[in-house]
Enquirer: 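Dropping a structure here in structure tokens format, bear with me for questions.
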Amino acid sequence: MPRSKTCAAASRSPCSDWPRRHARHYPKGAATRDGSGRRHRRAISSVPFLPPNRCPMSQQPKTAIQPTRAQDYPEWYLQVIKAADMAENSPVRGCMVIKPWGYALWENIQRTLDGMFKETGHVNAYFPLFIPLSYLQKEAQHVDGFAKECAVVTHSRLEAGPDGKLVPASPLEEPLIVRPTSETIIGESFARWVQSYRDLPLLINQWANVVRWEMRTRLFLRTAEFLWQEGHTVHADEADARAETMRMLDVYADFAEQHLAMPVIKGRKTDSERFPGAVDTYCIEAMMQDRKALQSGTSHYLGQNFARSSNIRFQDEAGQMQFAHTTSWGVSTRLIGGMIMTHADDDGLIVPPRLAPQHVVILPIYRDAADRANVLAYCESLKTELHAQRLGDERLRVTIDDRDLRGGEKTWSWVKKGVPLRIDVGPRDIAAGSVFVARRDTGEKESVDRSEFVGTVIARLQAIQDNLLARAKAFRTEHTRVIDSKDELYAWFTPQSGDKPEIHGGFALCHWNGSAAVEAQLKEELKVTIRCIPLEGEWGYDATPGQCVMTGEPSVGRVVLAKAY
RNA sequence: CGGGGCGUAGCGCAGUCCGGUUAGCGCGCUUGACUGGGGGUCAAGAGGUCGGAGGUUCGAAUCCUCUCGCCCCGACCA
């Protein structure tokens with residue numbers, strides 16, 4: 001007999017601590033007046049739970065994640081990660097442990113992107129984790145950008161100190177920094193690898209970890225150490241390098257939309273948001289469900305800045321020595337944070353099928369040993385039929401969950417992990433030759449003829465993928481506004497509730513006079529930044545001249561304003 | 001680095017103000033039974049040098065000093 005939703009909710013957390021919460025409101029003195037306070041407390045806290053229909057919170061719909069997005073968005077985000085068992089904080093400050101479900105997502109991101117990089121002519125290589133301090137110093141702006149957040153290695157061994165504790169010993173002649181990014185160390189190699197125009201373009205990528213000593217960290221979004229890829233390329237001229245910059249930006253945008261189902265705006269950064277040392281920084285910006293922007297990938301045209309500082313020169317066809325033009329571009333495990341905040345709901349993660357560690361989970365249901373054998377055999381053959389099919393160019397990933405858990409608990413664990421399709425298979429389904437299918441993104445459930453399901457499973461997964469993207473696009477549209485008055489702008493970015501779940505308008509498409517002073521004012525007064533200047537043809541692009549929303553001065557087009565992660 | 005909060009069992013907490021039996025509770029975990037189509041029931045168990053180091057005391061989770069770590073809020077960032 002299935003339990004009713006409200007009934008189930010009553011036995012769960014909002015209500016289970018109800019009596020205790022109220023016990024706190026007893027005057028403290030009362031508990032200890034007779035010296036047996038403990039017994040008092042015990043008596044209070046052993047009050048039986050109120051019956052479900054009396055539970056004061058039973059009106060709330062049941063959610064697997066608490067708090068909900070509306071109640072406390074940042075905490076919801078952390079709880080989703082925990083409930084899906086994706087990652088956890090480590091004993092090392094600011095660093096995370098990525099658990100198998102989270103790492104599987106990263107592996108899928110890696111595999112797909114790596115294929116796209118190869119398709120565009122790039123090859124992988126690996127450069128050192130440690131960078132001599134003097135290298136960072138070669139590019140002045142680069143130093144300014146990263147010096148404040150570098151981990152520095154100063155010693156090469158440990159010795160037992162006077163109190164028996166290990167102390168660093170044997171100082172290095174030149175300290176090493178742990179790479180926050182690799183332009184300088186890669187530049188050193190490139191300077192030797194590039195001699196002639198015939199060596200160009202040089203198209204290299206590396207998958208690596210980097211360290212940026214951040215003050216405040218959040219799982220996946222900003223950690224002291226994170227995983228990423230960084231592409232580094234060298235070109236003979238500006239046009240070629242700029243084309244590369246844009247090509248990789250397109251790769252990122254395609255990947256974000258097609259695989260992460262995360263709509264992004266391709267745009268150019270303003271001077272104040274530019275990568276330290278770059279001539280131009282381009283980015284993809286996405287809107288999260290709290291309406292804040294997440295920079296999800298960047299691609300930089302570095303001009304000849306790093307070529308000069310690293311001495312990357314080549315002899316051109318005329319025999320002249322020239323500085324090369326370089327680019328760099330990267331995406332990181334932050335994409336996983338973006339995926340969570342784009343799709344997850346109050347029941348946990350929702351994984352876009354193209355990236356799902358498991359596409360389909362089959363939950364066998366049986367009572368006794370005889371049933372078990374039948375049901376498992378049915379499940380195995382179903383798994384085989386499903387596994388033979390392909391979504392994109394990958395075989396369906398299907399798992400049978402035969403763990404010895406109660407049905408409900410097992411089901412919920414997969415809901416929280418965000419597996420696109422769940423299938424219940426019990427004796428009744430076998431008798432009817434059907435399967436019972438539940439769809440994670442919409443919550444729809446139906447009994448479907450088995451062969452029909454096998455025949456439509458790819459279409460079903462694709463429908464989920466499409467729905468997630470469409471839903472996210474609709475959300476972005478709903479929370480984006482073209483704004484031309486300063487009052488309206490301030491109203492748009494003023495939280496509607498002063499409390500924790502900050503709800504403000506979202507994105508604003510506004511005219512801007514191009515001055516850093518206006519940017520500084522926006523940041524100071526509204527905590528809003530110019531996320532990007534949309535590229536021609538992009539969503540949000542508008543290059544009809546107008547007047548700056550702040551100053552009324554002339555503007556050549558609209559920019560995207562938002563609060564950002 | 002400034003302001004605020006918190007470290008007690010795997011997780012969440014009570015106990016700290018006002019020092020005094022063997023430090024409790026919920027969830028989870030283990031074992032068994034009944035169960036099993038959205039978080040089930042019952043029974044029996046295991047699990048803690050109370051973040052760390054000093055100090056006060058006959059006696060410290062509780063008081064004092066120092067220290068480490070975490071969370072939230074502000075300035076930087078993929």
Side-chain angles (χ1 to χ4, degrees), chain A residues 1-5 7-13 16-21 23-24 28-29 31-32 35 37-39 41-42 44-46 49 62 64 72 74-75 78 82 88-89 91-94 144-149 180-181 210 212-218 220-224 226-230 252 273 275-276 281 283-285 294-298 300 329-335 337-338 347 363-368 371-372 375 404-416 422-429 435-436 438 443 445 447 500 523-524 527 529 564-565:
Chain A
M1 195 64 185
R3 295 158 58 85
S4 80
K5 290 203 169 186
C7 184
S11 67
R12 298 183 55 229
S13 41
S16 56
D17 65 350
W18 163 250
R20 281 174 57 207
R21 219 181 268 168
R24 280 192 209 138
K28 288 219 163 187
T32 49
R38 185 158 288 156
R39 210 170 302 151
R41 285 305 178 89
R42 200 178 290 146
I44 291 163
S45 60
S46 66
F49 295 158
K62 174 177 66 174
D72 185 345
E75 182 61 23
L78 294 174
K82 195 170 171 182
E88 61 191 20
N89 278 310
V92 185
R93 178 197 187 89
D144 288 348
F146 288 108
K148 285 166 291 183
E149 48 185 24
T181 180
V210 286
R212 296 180 186 177
W213 215 259
E214 302 287 354
M215 302 212 140
R216 301 191 54 202
T217 59
R218 290 183 78 188
F220 289 115
L221 294 176
R222 187 182 300 112
T223 46
F226 58 94
L227 305 183
W228 78 346
Q229 61 65 219
E230 47 182 324
Y252 288 156
E273 298 268 326
F275 175 76
T281 286
C283 62
I284 52 173
E285 293 281 336
L294 183 76
Q295 181 178 131
S296 309
T298 50
H300 316 291
W329 27 275
V331 295
S332 72
T333 37
R334 176 179 254 199
L335 287 175
D347 283 332
L363 304 170
I365 294 154
Y366 48 78
R367 290 159 193 267
D368 50 37
D371 274 356
R372 181 171 192 273
V375 170
D404 183 21
L405 292 177
R406 271 79 184 219
E409 197 176 337
K410 201 192 279 191
T411 302
W412 276 107
S413 75
W414 293 108
V415 172
K416 290 182 289 192
R422 291 192 316 279
I423 299 177
D424 289 348
V425 173
R428 267 183 263 156
D429 304 289
V435 294
F436 191 77
K445 283 163 257 189
S447 188
K500 254 197 173 170
K523 192 165 185 178
E524 172 70 24
K527 290 171 191 154
T529 49
Y565 276 95

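Chain letters run A, B, ... following the sequence lines, proteins first, then strands; residues in each count from 1. These values consider heavy atoms only, across backbone and side chains, with no hydrogens, waters or symmetry-generated copies.
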Enquirer: Please give the distance between the P atoms of C64(B) and G12(B) as a whole number of Å.
Expert: 26 Å
Enquirer: Of the nucleotides C71(B), G37(B), C29(B), which has the atom closest to the Ile365(A) side chain?
Expert: G37(B)
Enquirer: At 4.0 Å (heavy atoms only), tell me whether Leu294(A) reaches a base, stays on the sugar-phosphate, or touches nothing.
Expert: nothing
Enquirer: Of all the nucleotides listed (G74(B), G37(B), C76(B)), which has the minimum atom distance to the side chain of Lys527(A)?
Expert: G74(B)
Enquirer: Without decimals, in angstroms, what is the distance between Asp72(A) CG and C71(B) P?
Expert: 15 Å
Enquirer: Is there a Watson-Crick or G-U wobble partner for A61(B) with both distances under 3.5 Å, and which nucleotide is it?
Expert: none
Enquirer: For G37(B) and Lys445(A) - does any side-chain N or O of the residue sit under 4.0 Å from the phosphate oxygens OP1/OP2?
Expert: no
Enquirer: With a 4.0 Å cut-off on heavy atoms, is Pro427(A) in touch with a base, just the backbone sugar-phosphate, or nothing at all?
Expert: base
Enquirer: Please classify the nucleic acid contact of Gly426(A) as base, sugar-phosphate, or nothing, using heavy-atom distances under 4.0 Å.
Expert: base
Enquirer: How is Leu227(A) classified with respect to the nucleic acid when contacts are heavy atoms under 4.0 Å: base, sugar-phosphate, or nothing?
Expert: nothing
Enquirer: Output the rounded distance in Å from CG (Asp371(A)) to C1' (G36(B)).
Expert: 11 Å
Enquirer: Could you tell me the separation between the CG atom of Leu363(A) and the C1' atom of G36(B), rounded to a whole number of Å?
Expert: 13 Å
Enquirer: Quick one: list whatever passes side chain to side chain donor-acceptor pair (under 3.5 Å) with Arg372(A), sequence neighbours left out.
Expert: Tyr366(A), Asp402(A)
Enquirer: Among G36(B), C77(B), A78(B), find the nucleotide with the atom closest to the side chain of Glu149(A).
Expert: C77(B)
Enquirer: Is there a donor and acceptor pair closer than 3.5 Å between the side chain of Arg406(A) and the base of G40(B)?
Expert: yes
Enquirer: Specify the separation, in whole Å, of atom CD of Glu285(A) and atom P of A78(B).
Expert: 10 Å
Enquirer: Excluding sequence neighbours, so at least two apart, what forms side chain to side chain donor-acceptor pair (under 3.5 Å) with Thr217(A)?
Expert: none
Enquirer: Which part of the nucleic acid, if any, lies within contact of Thr223(A), taking any heavy atom under 4.0 Å across all strands shown: a base, the sugar-phosphate backbone alone, or nothing?
Expert: base
Enquirer: Given the P atoms of U56(B) and C11(B), what is the spacing between them in whole Å?
Expert: 34 Å
Enquirer: What interatomic distance, in whole Å, is found between C1' of G69(B) and the corresponding atom of U8(B)?
Expert: 16 Å
Enquirer: Starting from P on U35(B), measure out to OH on Tyr366(A) and report it in whole angstrom.
Expert: 16 Å
Enquirer: Where the side chain of Asp424(A) meets the backbone of Phe436(A), is there a donor-acceptor pair that is under 3.5 Å apart?
Expert: no
Enquirer: Distance between the C1' atoms of G54(B) and C17(B), in whole angstroms?
Expert: 24 Å
Enquirer: Output the rounded distance in Å from CZ (Phe220(A)) to P (A78(B)).
Expert: 19 Å
Enquirer: Which word best sums up how the rings of Tyr252(A) and Trp329(A) line up, parallel for under 30°, tilted for 30 to 60°, or perpendicular for over 60°?
Expert: perpendicular
Enquirer: Return yes if some donor-acceptor pair links the side-chain N/O of Arg212(A) with the main-chain N/O of Glu149(A) below 3.5 Å, else return no.
Expert: no
Enquirer: Start with the C-alpha distance between Glu273(A) and Thr529(A), add both sets of side-chain angles, then the distance that settles side chain to side chain contact (heavy atoms under 4.5 Å, CB included), and finish with yes or no.
Expert: CA-CA 9 Å; Glu273(A) 298 268 326; Thr529(A) 49; 3.8 Å; yes
Enquirer: Could you go through Phe226(A) and Val210(A), starting from their C-alpha distance and side-chain angles, then the distance that decides it, and tell me whether this counts as side chain to side chain contact (heavy atoms under 4.5 Å, CB included)?
Expert: CA-CA 6 Å; Phe226(A) 58 94; Val210(A) 286; 3.4 Å; yes
Enquirer: G15(B) and A9(B): how far apart are their P atoms, nearest whole angstrom?
Expert: 15 Å
Enquirer: Assuming nearest nucleotide by heavy-atom distance, tell me which of Gly145(A) and Arg367(A) is located more 5' along RNA chain B.
Expert: Arg367(A)
Enquirer: Please determine whether a side-chain nitrogen or oxygen atom of Arg216(A) lies at a distance below 4.0 Å from atom OP1 or OP2 of C73(B).
Expert: yes
Enquirer: Hey, does the side chain of Ser413(A) reach the backbone of Thr411(A) with a donor-acceptor pair shorter than 3.5 angstrom?
Expert: no
Enquirer: Rounded to whole Å, how long is the line connecting atom CD of Glu409(A) with atom C1' of U41(B)?
Expert: 14 Å
Enquirer: Check whether the side chain of Arg212(A) and the base of C77(B) form a donor-acceptor pair under 3.5 Å.
Expert: no
Enquirer: Under a 3.5 Å cut-off for both contacts, is U41(B) paired Watson-Crick or G-U wobble with anything, and if yes, with which nucleotide?
Expert: A33(B)
Enquirer: Map Arg334(A) and Val415(A) onto RNA chain B by nearest heavy atom, then report which one ends up closer to the 5' terminus.
Expert: Val415(A)
Enquirer: Where the side chain of Phe226(A) is concerned, which of G37(B), G39(B), A78(B) is the nearest nucleotide?
Expert: A78(B)
Enquirer: Check the distance between C76(B)'s C1' and Gln295(A)'s CD and give it to me in whole angstrom.
Expert: 13 Å
Enquirer: With heavy atoms under 4.0 Å as the rule, sort Arg218(A) into base, sugar-phosphate or nothing.
Expert: nothing
Enquirer: Would you measure the distance from the P atom in G59(B) across to the matching atom in G20(B) and give it in whole Å?
Expert: 15 Å
Enquirer: Within the pair Lys523(A) and C76(B), is there a side-chain N or O less than 4.0 Å away from OP1 or OP2?
Expert: yes
Enquirer: Please give the nucleotide sitting opposite A9(B) as a Watson-Crick or G-U wobble pair, both distances under 3.5 Å, or none.
Expert: none
